[in-house]
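Working notes for the structure below.
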Number of protein chains: 2
Amino acid sequence: MAKAKPSMKSRDAETTKMAILDAAELEFGKRGLLGARTENIAEGANVTRAMIHYYYDSKEKLYQAVLERALASRIKIAEEMDVYAGTPTNLLEQYIRKLLSDMSRRPNLPLIMLFEGVQNEGRLYRQIAVNSSYGPLRKILERGVQEGIFREMDVTQVAVNIMGMCVFYVVARFNLQHLFERDVLTPELFNAHTEEAVTMMLAGVLKHQPSGNQDCSV
Amino acid sequence: MAKAKPSMKSRDAETTKMAILDAAELEFGKRGLLGARTENIAEGANVTRAMIHYYYDSKEKLYQAVLERALASRIKIAEEMDVYAGTPTNLLEQYIRKLLSDMSRRPNLPLIMLFEGVQNEGRLYRQIAVNSSYGPLRKILERGVQEGIFREMDVTQVAVNIMGMCVFYVVARFNLQHLFERDVLTPELFNAHTEEAVTMMLAGVLKHQPSGNQDCSV
DNA sequence: CAATTAACTAACATGTTAGTTAGTATCCTC
DNA sequence: GAGGATACTAACTAACATGTTAGTTAATTG
């Protein structure tokens with residue numbers, strides 16, 4: 001009964017640790033490991049820079065903590081997918097929607113993973129990250145091809161292209177806002193993106209015939 | 001007749017300027033403006049750090065020079081496209097192939113443009129960049145829809161998705177090499193990507209009917 | 001082939017950043 | 001409500017990064 005309202009404390013280790021981690025996610029997502037400034041992280045978390053070292057020891061270890069949390073969330077999505085429950089078409093649509101909604105909620109994670117690859121040449125971003133991201137997608141696609149619902153394809157390449165459509169919109173959001181002339185993460189715009197993405201991806205994998213020559217359409 | 005072989009000079013201003021610009025493109029592409037180290041640029045160009053200031057005044061002005069060159073190359077592609085010469089389908093395919101081949105040749109440019117948006121919130125990456133990248137694409141798509149060859153769509157969203165497929169493969173190449181288990185820019189892999197991308201994009205915009213129920217396929 | 005200019009270097013000055021430390025305030029338990 | 005433990009701060013240091021400057025070497029030209 002001691003700790004009735006732990007969130008009311010002005011000094012709570014867990015709260016500040018989280019505040020630092022969140023602020024770090026933002027800063028590392030914006031500037032990467034090298035470009036990030038600990039002062040910006042501290043400011044964003046409303047603590048002094050010393051707290052970063054108090055809780056996370058060093059800038060790099062804080063970065064690793066951020067990376068791990070990002071990865072964990074991606075792995076969680078992968079694990080939640082049952083790639084055998086449903087038709088490949090439905091599964092694919094479901095997975096894309098889940099992925100996109102997760103990205104809109106935490107739009108910095110894809111950026112951090114991208115940075116990690118580019119700046120550290122993926123030293124910390126290894127097989128596990130790749131597998132959790134592309135594993136379910138590839139399995140769904142493979143099943144679809146086997147069952148004759150999806151066209152013949154290079155499954156890995158198609159998985160990358162699908163992921164690309166999802167990720168690009170989020171990581172390029174600051175550039176894209178010049179194109180749309182407003183914030184692209186507003187529900188309105190993001191829903192439009194989701195629908196177009198789903199449409200394109202399904203069209204891209206399903207067997208189909210162009211309606212150009214209408215020999216048999218009547 | 002004085003300067004017969006300007007490239008043989010051991011001290012040539014243009015050569016070193018270019019060497020610095022190329023090295024800068026690499027370094028800024030890897031780490032962005034803040035993360036980039038002038039020493040790495042100098043080392044990459046085989047000159048002393050002072051030369052950077054001698055020719056480009058400051059790190060930031062050098063960055064701007066790199067950005068401008070990147071932008072110019074994108075604008076050039078846009079200008080070379082005649083969006084009225086050919087069918088929308090052919091034009092789209094042509095444009096995608098051109099874009100992709102350009103990116104494989106200079107894979108750091110998309111990265112720099114992405115960094116610019118994220119780190120500086122696109123202060124230097126303005127309307128002009130967006131227009132040159134998405135202008136031709138949107139025009140082609142609009143024409144296709146008007147002519148009834150392409151399905152009804154949100155042209156801007158589809159343009160972004162197409163660009164996303166092209167850009168993601170290149171900017172995420174360090175992550176993707178764990179997936180493909182080798183360099184993804186080798187002609188072999190990059191060609192495979194190009195073909196799958198073209199296939200998916202065309203399928204994504206063309207009017208078509210799924211062949212699921214095969215009433216009329218014989 | 002001197003004189004002049006342009007390309008370049010090395011050492012230095014200045015500002016910034018990560019990380020440290022010694023001390024203070026707040027919380028919790030008995 | 002005393003005492004110990006934990007959360008936190010402010011001031012500092014050492015390392016590093018950018019930018020400067022005075023001097024050196026190579027090319028050009030009359």
Side-chain angles (χ1 to χ4, degrees), chain A residues 1-28 30-67 115 119-120 124, chain B residues 1-67 115 119-120:
Chain A
M1 278 287 206
K3 38 183 76 176
K5 290 217 168 188
S7 61
M8 289 304 282
K9 286 188 292 187
S10 66
R11 306 182 141 204
D12 182 51
E14 281 311 306
T15 304
T16 33
K17 266 187 91 167
M18 271 311 209
I20 291 171
L21 204 60
D22 286 337
E25 187 175 301
L26 190 74
E27 177 70 4
F28 285 129
K30 267 202 169 154
R31 314 195 203 278
L33 173 57
L34 270 167
R37 297 290 111 102
T38 54
E39 192 180 326
N40 293 343
I41 295 171
E43 199 184 341
N46 272 311
V47 297
T48 55
R49 281 190 319 103
M51 286 295 93
I52 291 170
H53 300 283
Y54 184 63
Y55 285 116
Y56 294 96
D57 210 64
S58 71
K59 183 188 181 184
E60 188 147 349
K61 289 210 180 117
L62 172 59
Y63 175 74
Q64 276 176 30
V66 169
L67 246 194
F115 270 119
Q119 297 193 346
N120 302 344
L124 300 169
Chain B
M1 280 286 208
K3 37 182 75 174
K5 289 218 169 189
S7 62
M8 288 304 281
K9 288 189 292 188
S10 64
R11 304 181 146 206
D12 182 50
E14 280 312 304
T15 304
T16 36
K17 266 187 91 167
M18 271 314 212
I20 291 172
L21 205 60
D22 286 338
E25 187 175 301
L26 191 73
E27 177 71 3
F28 285 128
K30 265 203 168 153
R31 313 196 204 278
L33 173 56
L34 271 167
R37 297 289 113 105
T38 55
E39 192 177 327
N40 292 343
I41 296 171
E43 199 183 341
N46 272 311
V47 297
T48 55
R49 279 189 322 101
M51 284 295 94
I52 289 169
H53 300 282
Y54 184 65
Y55 285 116
Y56 294 95
D57 208 63
S58 71
K59 183 190 182 184
E60 187 146 350
K61 289 211 181 119
L62 172 59
Y63 175 74
Q64 277 175 31
V66 170
L67 246 195
F115 269 119
Q119 298 194 343
N120 302 344

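The shown structure was predicted, so the numbers you read here are calculated from the model rather than taken from an experiment. Letters A, B, ... mirror the listed sequences (proteins, then strands); counts begin at 1.
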Whether [X] side chain and [Y] backbone form a donor-acceptor pair below 3.5 Å:
X: A/Y56; Y: A/K17; answer: yes
X: A/Q119; Y: A/L33; answer: yes
X: B/E27; Y: B/R37; answer: yes

>> Measuring from the side chain of A/A50 (C-beta onward, heavy atoms only), which nucleotide among D/dC8, D/dT9, C/dG19 has the closest atom?
In response: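 Taking heavy atoms from C-beta onward, the closest nucleotide is D/dT9.
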> Which nucleotide in the list C/dA18, D/dA7, C/dT9 gets nearest to the side chain of A/H53?
Replying inline: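 So the side chain of A/H53 is nearest to C/dA18.
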Interatomic distance, [X] [atom1] vs [N] [atom2] [rounded to whole Å]:
X: B/Y54; N: C/dA6; atom1: OH; atom2: P; answer: 8 Å
X: A/L33; N: C/dA18; atom1: CG; atom2: P; answer: 10 Å
X: A/M51; N: D/dT9; atom1: CE; atom2: C1'; answer: 7 Å
X: A/Y55; N: C/dG19; atom1: OH; atom2: C1'; answer: 18 Å
X: A/I52; N: C/dT21; atom1: CD1; atom2: C1'; answer: 17 Å
X: A/D57; N: C/dG19; atom1: CG; atom2: P; answer: 9 Å
X: A/K59; N: D/dA14; atom1: NZ; atom2: P; answer: 21 Å
X: A/N46; N: D/dT9; atom1: CG; atom2: C1'; answer: 14 Å

>> With the threshold set at under 4.0 Å for non-hydrogen atoms, list the residues of residues 38-45 of chain B touching DNA chain C in residue-number order.
In response: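 None - not one residue of the stretch has a heavy atom sitting under 4.0 Å from the strand.
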>> Categorize B/Y56 for me: base, sugar-phosphate, or nothing, with a 4.0 angstrom heavy-atom threshold over every strand shown.
In response: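 Contact class for B/Y56: none.
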>> Could you measure the distance from the OH atom of A/Y63 to the CG atom of A/L34? Nearest 0.5 Å is fine.
In response: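 Going from OH on A/Y63 over to CG on A/L34, the span is 9.5 Å.
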Indicate the atoms forming the closest heavy-atom contact of [X] with [Y], along with that distance.
X: B/T38; Y: B/I52; answer: O-CD1, 3.5 Å
X: B/A23; Y: B/G44; answer: CB-C, 3.8 Å
X: B/V66; Y: B/A24; answer: CG2-CB, 3.7 Å

>> Under the rule for side chain to side chain contact (heavy atoms under 4.5 Å, CB included), what residues qualify as partners of B/L26, not counting sequence neighbours?
In response: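 By the side chain to side chain contact (heavy atoms under 4.5 Å, CB included) rule, B/L26 matches B/N108.
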Between the protein and nucleotides 13-16 of chain C, which nitrogen or oxygen pairs come in under 3.5 angstrom?
none

> So A/F28 and A/I41, side-chain contact (heavy atoms from CB on, under 4.5 Å) or not? Walk me through it.
Replying inline: CA-CA 9 Å; A/F28 285 129; A/I41 295 171; 4.1 Å; yes
> Which residue, B/T16 or B/L34, contacts DNA chain C at a nucleotide closer to its 5' end, judged by nearest heavy atom?
Replying inline: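 The residue closer to the strand's 5' end, by nearest nucleotide, is B/T16.
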> Is any side-chain nitrogen or oxygen of A/T48 closer than 4.0 Å to OP1 or OP2 of D/dA10?
Replying inline: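 Answer is no, no contact under 4.0 Å.
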> Is the distance from OP1 or OP2 of C/dA18 to the nearest side-chain N or O of A/S58 less than 4.0 Å?
Replying inline: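 No.
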